[in-house]
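Just so we're clear, the structure is a prediction, and the values are computed from it rather than from any experiment. Note on naming: letters A, B, ... go to the chains in the order of the sequence lines (proteins, then strands), and numbering restarts at 1 for each one.
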Amino acid sequence: MTNEVCFRTLHLPNPGSLETYRSIGGYETIKRIVTEKVPPAEIINQVKISSLRGRGGAGFPTGLKWSFMPRFYDGEKYIICNTDEGEPGTFKDRDIIRYNNHQLIEGMLIAAYTVGARVGYNYIHGEIWAEYESFGRALEEARAAGYLGDNLFGTNFCFQLHAHHGFGAYVCGEETALMESIEGKKGQPRYKPPFPASYGLFGKPTNINNTESYASIPYIMQYGGLKFLELGRPNSGGTKIFSVSGHVEKPGNYEINMGTPFPELLQMAGGIWKGRKLKAVIPGGSSTAVLPADAIMGATMDYDSISKAGSSLGAGSVIVIDDSTDMVKALARMSYFYYEESCGQCTPCREGTGWLWRVVRRIADGKGRMEDLDLLTDVGNNIAGRTICALGEAAATPVLSFVKHFRPEFEYYIQHGKSMVTG
Amino acid sequence: MLSQDSLAKIDKELTKYPAEQRQAATVAALRIAQDEKGWLAKETIEFVAEYLGIPAVAAYEVATFYNMYDLEPVGKYKLTVCTNISCMLRDSDSIVEHLEKRLGVRCGETTPDGKVTLKEGECMGCCGGAPLLHVNNKHMHEHLTPEKVDQILEELK
């Protein structure tokens, strides 16, 4: 089955409209929860049963995260939605906003009720202006319809939600950098602990989840956690949106059950373009390890299988690479990205990302030395785990995995000064 | 220093945040200022800082950190082409090449008549539409071909 959760309005006319969302029972779940005063602990329990894991890439159990928020706290608490999709290969949250933004709003309402927040922000990636504006319009509609504001559904539940627009910084997808950014500062990640649940936005307890995570919540609370879990696999509950890009005939988003075999997903995306052969796949966005064709063709699309195959599911950003691709040049482009986007706060990342890029570039320019391959591995290993946030590791992973799986291509470049693929 | 219209937009942004957190509107306020002025001159950044009641250096930090601010004059139209991995796999290089040829400038340069600035950008989170570019940070054009690029250029009057 496809499009059962976040894209469940997609087959209907005007899928993103309030009217369409209401026609499938939209906002009825939050209304029931609020008017029947469903205990927050019961909601958290359902989310835990569903096995929903953070869809932004880290895969942290959502129910567990919600349970970290202090229950008895007098001051303001916040919830934040992370729609700062800037990792190469990732473009699913944009389509949730385009085609089902009210489900996202309802998911945030349920989260706000559960953790006791009265104010929320949706941080939207700087480059998608049209979606920032359309989300703003959805907020207006929801306010006018009595779904956002004070004393909702005739109770004392109040929730106000705002759209916050980013302006071009990959690192702001990191949760604490994102909070710094909302506060109007450079997006540099904070040390953890303290974690956002105790010291988050404006120094207040804050819950932050990815767009797809929030948008899955109304389904879970409408049909129960078990039904969501059963769509997928144990430990990988529900559906997942896979953003397929690169060398396929039909790039795009495919919402499918967790545990679907990769070849089926590839087929949905029209197969490899131009009748060529599959060479490799980066399964979860540019920060996850590349997998050679054999490894991915035998895998199913869920956390455990992709991890067993040697990579991570990440945000489900599947970058498909055909056999005409020069892997050294591909890596050089990704390494430049991490060098460009490092926030500069931690020395191993600030210096290391530049070092990685220059060495890969040198090989791609035909000026590499055989010892460069060990140097890349050494530099990569010395960034990973030595920085405040995961960007350092994200920069090292592509380098380490490309060199590991496609070493002969790198060696050929060094020996012959040109690509063994493109000549 | 900024029009009433821009100030009204900044005031509207301020309503999203707690009254004592005026700094939170910095990213938006600088974007609004850039929309009006075309780019962010030192005086513009200082004006925004003063309007928000924050130190000028705090506004400089933001203006220099985020990629979409322009700290030097740009053309009437700024075309930013993504060349990251998913776009590269779908031959964004040929799009850049075509644009450079058509405009007679390299990436990072502005045409002599001041009309178009060409830039290379980082991932825009729309990789399913690769290759792609956006105009003036706002208008996204996807599934580019050289013909489609010609059409976009034609529409930039």
Side-chain angles (χ1 to χ4, degrees), chain A residues 76 83-95 119 121 125-130 160 162-170 172 181-188 202 243-247 251-253 273 282 286 317 319-322 325 329-331 333-334 336-337 340-341 343 398, chain B residues 12-13 15-18 20-32 34 49 52 54 58-69 80 82-93 120-130 132-140 142-143:
Chain A
E76 198 79 73
T83 312
D84 192 30
E85 285 188 300
E87 168 140 335
T90 313
F91 53 96
K92 65 193 175 62
D93 300 334
R94 178 193 186 207
D95 275 0
V119 179
Y121 295 95
H125 192 46
E127 283 84 346
I128 50 170
W129 176 256
Q160 196 51 264
H162 304 285
H164 182 101
H165 185 227
F167 221 59
Y170 167 66
C172 289
S181 183
I182 295 184
E183 292 177 7
K185 301 168 189 162
K186 289 185 288 186
Q188 291 189 319
F202 305 127
S243 306
V244 186
S245 68
H247 294 151
N253 283 312
W273 75 346
I282 302 172
S286 64
S317 319
I319 304 170
V320 177
I321 299 171
D322 77 18
T325 309
K329 283 233 163 79
L331 178 62
R333 183 59 187 89
M334 287 194 286
Y336 178 76
F337 170 72
E340 163 72 31
E341 297 294 331
C343 81
Chain B
K12 198 176 164 206
E13 290 295 327
T15 64
K16 295 177 179 176
Y17 312 99
E20 72 281 9
Q21 300 286 352
R22 289 177 67 86
Q23 184 171 0
T26 308
V27 176
L30 288 171
R31 184 243 308 153
I32 292 162
Q34 177 165 291
L52 295 176
I54 61 171
Y60 289 134
E61 281 188 354
V62 169
T64 53
F65 188 82
Y66 297 86
N67 292 342
M68 289 161 67
Y69 295 118
T80 314
C82 177
T83 56
N84 216 305
I85 184 74
S86 295
C87 284
M88 178 193 182
L89 293 174
R90 294 188 83 89
D91 209 10
S92 53
D93 284 0
E120 211 174 320
E122 285 307 339
C123 184
M124 302 187 190
C126 306
C127 323
L132 50 88
L133 64 79
H134 66 166
V135 181
N136 291 348
N137 294 336
K138 291 207 166 86
H139 308 288
M140 190 72 72
E142 301 175 63
H143 302 290

Sort out for me which of [options] touches chain B most, counting heavy-atom pairs under 4.5 Å.
options                                : answer
A/Ser286, A/Gly89, A/Cys172            : A/Gly89
A/Ser317, A/Ala330, A/Gly252, A/Ala130 : A/Ala330
A/Gly184, A/Gly166, A/Pro251           : A/Gly184
A/Ala163, A/Gly187, A/Ala169, A/Gly126 : A/Gly187

- [ ] Please determine, among B/Glu13, B/Glu20, B/His134, the option with the most heavy-atom pairs under 4.5 Å with chain A.
- [x]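 Of the candidates given, the most pairs with chain A belong to B/His134.
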- [ ] Mind ranking B/Thr26, B/Val62, B/Ile85, B/Val27 by heavy-atom pairs under 4.5 Å with chain A and telling me who comes out on top?
- [x]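 Top option by heavy-atom pairs under 4.5 Å: B/Ile85.
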Task: Ring centroid separation A/His164 to B/Tyr17 under 6.0 Å - done: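 Between A/His164 and B/Tyr17, the centre distance is under 6.0 Å.
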Open item on the list: Less than 6.0 angstrom separating the ring centers of A/Phe337 and A/Tyr170, yes or no?
Closed with: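 Yes, the ring centres sit under 6.0 Å apart.
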Open item on the list: What part of A/Ser243 gets within 4.5 angstrom of chain B, counting heavy atoms only: side chain, backbone, both, or neither?
Closed with: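 Neither the backbone nor the side chain of A/Ser243 comes within 4.5 Å of chain B.
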Task: Contacts of B/Lys138 that satisfy salt bridge (charged side-chain N to carboxylate O under 4.0 Å, His left out) - sequence neighbours left out - done: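 Result, salt bridge (charged side-chain N to carboxylate O under 4.0 Å, His left out) vs B/Lys138: B/Asp35.
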Open item on the list: With a 4.5 angstrom heavy-atom cut-off, is it the side chain or the backbone of B/Glu61 that approaches chain A, or both, or neither?
Closed with: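 Interface part for B/Glu61: both.
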Task: Interchain contact, B/Thr80 with chain A, by part (heavy-atom threshold 4.5 Å) - done: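 Answer is neither: B/Thr80 stays 4.5 Å or more from chain A.
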Open item on the list: What verdict does the ring-ring contact (aromatic ring centres under 6.0 Å, His included) test give for A/Trp129 and B/His139, after you've listed the backbone C-alpha separation in whole Å, the side-chain angles of each residue and the deciding distance to 0.1 Å?
Closed with: CA-CA 7 Å; A/Trp129 176 256; B/His139 308 288; 8.9 Å; no
Open item on the list: Please determine whether side chain to side chain contact (heavy atoms under 4.5 Å, CB included) holds for the pair B/Asn137 and A/Phe167, giving the CA-CA distance in whole Å, both sets of side-chain angles, and the decisive distance to 0.1 Å.
Closed with: CA-CA 9 Å; B/Asn137 294 336; A/Phe167 221 59; 3.8 Å; yes
